[in-house]
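A short worksheet on the structure shown next.
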Amino acid sequence: MRRGPVIELPAKEAIPASVIVALLELLDQPILISDRSGRILQVNQSGIQRLGSHGFSFDPSSNLFSDLLHVHPNVISDQIEAGENQIDSKFDCCGGAALARIQWLPEADWLVVRFEDPEKQLIPGPEASGQHTVQGLLQEREITYRNLLAAYLRLQEVNRQKTVFLASAAHELKTPLAVIKGYYDLLLSGSLGKLTDKQRDILQESKESCERLVRLVSMFLNYSALESGKLVLHLRENDLRDCLSELATRWHEAFVRKHVRLDTILNADIPIFKFDYQKVQQTVANLLDNSLKHTPAGGHVIFRAEAHFWERRSTEEVQAQDRRRERVQHPNSIKVSVSDSGPGIASEHHQEIFEDFVRVDRTSSGMGLGLAIAKRLVQAHRGKIWVESELRRGSTFTFLLPIDNS
Ligand code: ADP
C-alpha cells in the first residue's frame with residue numbers, strides 16, 4: 001500500500017483547537033472526543049447526526065459514560081491502565097445494541113470514540129468478512145497440507161514395510177526353487193534313468209517354468225534392493241563383447257525352443273571400459289526376456305552392440321563443425337539394442353513402461369519390473385534407455401553406456 005507523505009507537526013507546539021475541529025469535520029465517520037472522566041471535548045457534525053438518529057440529543061454538558069454508554073468511567077480507565085489501547089463498548093440505542101470504539105490517545109490523555117453503525121456491526125462488512133474468509137482459507141489450506149504430508153509419510157512407511165515383507169518372502173522362495181531346478185537338471189541328464197521323449201519334453205517345460213519363477217524372484221529381489229538404496233556398482237575394466245556373448249549363448253536355447261531367430265551382432269569396435277559386468281548382463285537379460293516373451297514363433301530378434309557417439313546436450317556452445325568431427329573420430333559410449341518383430345507398443349506407453357509395476361500387455365507373465373530395473377541399472381552407469389516402437393511394427397529397446405564411466 002502506498003502511504004501519503006508524513007506530515008511533521010511542530011514539536012512541543014499545541015495544535016490549535018480550531019485546527020482539530022476543522023480536521024474532525026473533514027471526516028465522514030462520526031467521532032467524539034472526551035477526557036478520561038467522560039467530559040465531551042469535541043464531536044463532529046457527523047457524530048451529532050449519528051447520535052441524534054439514535055435518539056440521543058447532544059448537549060455539550062453530556063457525559064460520555066453516564067449519559068451515553070451507561071458504564072462507570074473506572075471500567076474504561078481500568079482497561080486503559082491494563083494496557084488496552086482500544087476498547088469496544090456496547091450501548092443501547094433505538095431499541096438495539098450499537099458499538100462505540102474507544103481509542104485512548106496517551107499524549108493528550110483523550111478518548112476518541114467512533115460510533116459503528118449498528119447494522120454494520122451486526123452484519124460484518126464485505127471487507128471484514130473478506131478478511132475472515134481469506135484467513136479461514138489459509139488456515140484450512142495449512143491444515144490440508146499437514147494432513148496430506150502426514151498421510152504421505154504414513155503411506156511411505158506402509159510401502160516400505162510391504163517391500164521388506166515381499167523381499168523376505170521372495171528370499172524364502174529362492175532356496176526351494178534352486179533345489180527343484182537342480183532336480184530337473186539331474187532328471188534331464190538321464191543319470192537317474194532313461195527318459196522317453198514325452199517325459200523329456202514335460203520335464204524340459206517344467207524346468208523352463210521353474211527358471212521363469214527364479215527370474216521373477218530374483219527380479220523382485222533386485223528391485224527391492226534397488227528400492228532400499230542398496231544399488232552398488234562394481235565398476236571394473238571389462239570386455240563388453242565377452243559379457244554380451246556369454247549372455248546370448250545362455251539365451252540361445254530358449255529362443256530356439258520358441259522358434260524365434262536370435263541374431264547377435266557385437267561390433268569389434270567396442271573398447272574395454274569400466275562397467276558392472278553382472279548389472280549389464282541383468283539389464284540385457286530383461287530386454288531379451290521381453291523380446292522373447294512378446295515375439296511370436298517364427299519371429300526375429302536382433303541383439304546388437306556397437307561404439308557410438310553420444311551427443312549430450314550441454315549449455316556450452318560448441319561449434320557444429322567441431323561436433324561433427326568429434327562424432328566421427330571419438331565414440332564416447334556403447335549402444336546396445338534389442339529389436340524384435342513382436343506386436344509393438346503404442347507411443348502413449350513409451351514412457352510409462354519404464355515405471356515400477358507398469359504392465360501394458362496383461363496377457364503375458366511378469367510383474368512390470370523388468371524395464372524399471374533396467375532403467376535404474378542403466379542410469380546408475382550414467383547412461384540412458386528408451387524404446388522406439390509402433391503397434392504391429394515390433395519394438396527396439398536401446399541403451400547407451402558412457403565409456404568414460406569412472
Ligand atoms: P514385465 O516383467 O511385466 O514384462 P516390463 O517392465 O519388462 O514388465 O515391461 C513392461 C510392459 O512393457 C510389459 O507389460 C509389456 O506390455 C511392455 N513390453 C516390454 N517389452 C516389450 C516388447 N518387447 N514388446 C512389446 N511389449 C513390451
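Count residues from 1 along the sequence. Read the numbers this way: they start at 1 and go in the same order the structure lists the ligands and their atoms.
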>> Under the side chain to side chain donor-acceptor pair (under 3.5 Å) test against Tyr277, which residue among Arg236, Gln282, Glu246 passes?
In response: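 Only one of Arg236, Gln282, Glu246 forms a side chain to side chain donor-acceptor pair (under 3.5 Å) with Tyr277, namely Glu246.
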Give every pair made of an N or O atom of ligand 1 and a protein N or O atom lying under 3.5 Å apart, one pair per line with both atom names and the distance to 0.1 Å, or write 'none'.
{"unit_1": "ligand 1", "atom_1": "3 (O)", "unit_2": "Met367", "atom_2": "N", "d": "3.3"}
{"unit_1": "ligand 1", "atom_1": "3 (O)", "unit_2": "Gly368", "atom_2": "N", "d": "2.7"}
{"unit_1": "ligand 1", "atom_1": "4 (O)", "unit_2": "Asn290", "atom_2": "OD1", "d": "3.3"}
{"unit_1": "ligand 1", "atom_1": "4 (O)", "unit_2": "Lys293", "atom_2": "NZ", "d": "2.8"}
{"unit_1": "ligand 1", "atom_1": "6 (O)", "unit_2": "Gly370", "atom_2": "N", "d": "3.3"}
{"unit_1": "ligand 1", "atom_1": "6 (O)", "unit_2": "Leu371", "atom_2": "N", "d": "2.9"}
{"unit_1": "ligand 1", "atom_1": "7 (O)", "unit_2": "Asn290", "atom_2": "OD1", "d": "3.2"}
{"unit_1": "ligand 1", "atom_1": "7 (O)", "unit_2": "Asn290", "atom_2": "ND2", "d": "2.8"}
{"unit_1": "ligand 1", "atom_1": "7 (O)", "unit_2": "Leu371", "atom_2": "N", "d": "3.4"}
{"unit_1": "ligand 1", "atom_1": "8 (O)", "unit_2": "Gly368", "atom_2": "N", "d": "3.4"}
{"unit_1": "ligand 1", "atom_1": "14 (O)", "unit_2": "Val360", "atom_2": "N", "d": "3.1"}
{"unit_1": "ligand 1", "atom_1": "16 (O)", "unit_2": "Val360", "atom_2": "N", "d": "3.3"}
{"unit_1": "ligand 1", "atom_1": "16 (O)", "unit_2": "Asp361", "atom_2": "N", "d": "2.8"}
{"unit_1": "ligand 1", "atom_1": "20 (N)", "unit_2": "Asn290", "atom_2": "ND2", "d": "3.4"}
{"unit_1": "ligand 1", "atom_1": "23 (N)", "unit_2": "Asp340", "atom_2": "OD2", "d": "2.8"}

> Among all residues two or more places apart in sequence or in another chain, which pass the ring pair (Phe, Tyr, Trp, His ring centres under 6.0 Å) test with Phe357?
Replying inline: Tyr223
Greater than 12 external heavy atoms within 6.0 Å of [X]'s [atom1]:
X: Gln351; atom1: CD; answer: no
X: Arg39; atom1: CZ; answer: no
X: His171; atom1: NE2; answer: no
X: Lys174; atom1: NZ; answer: no

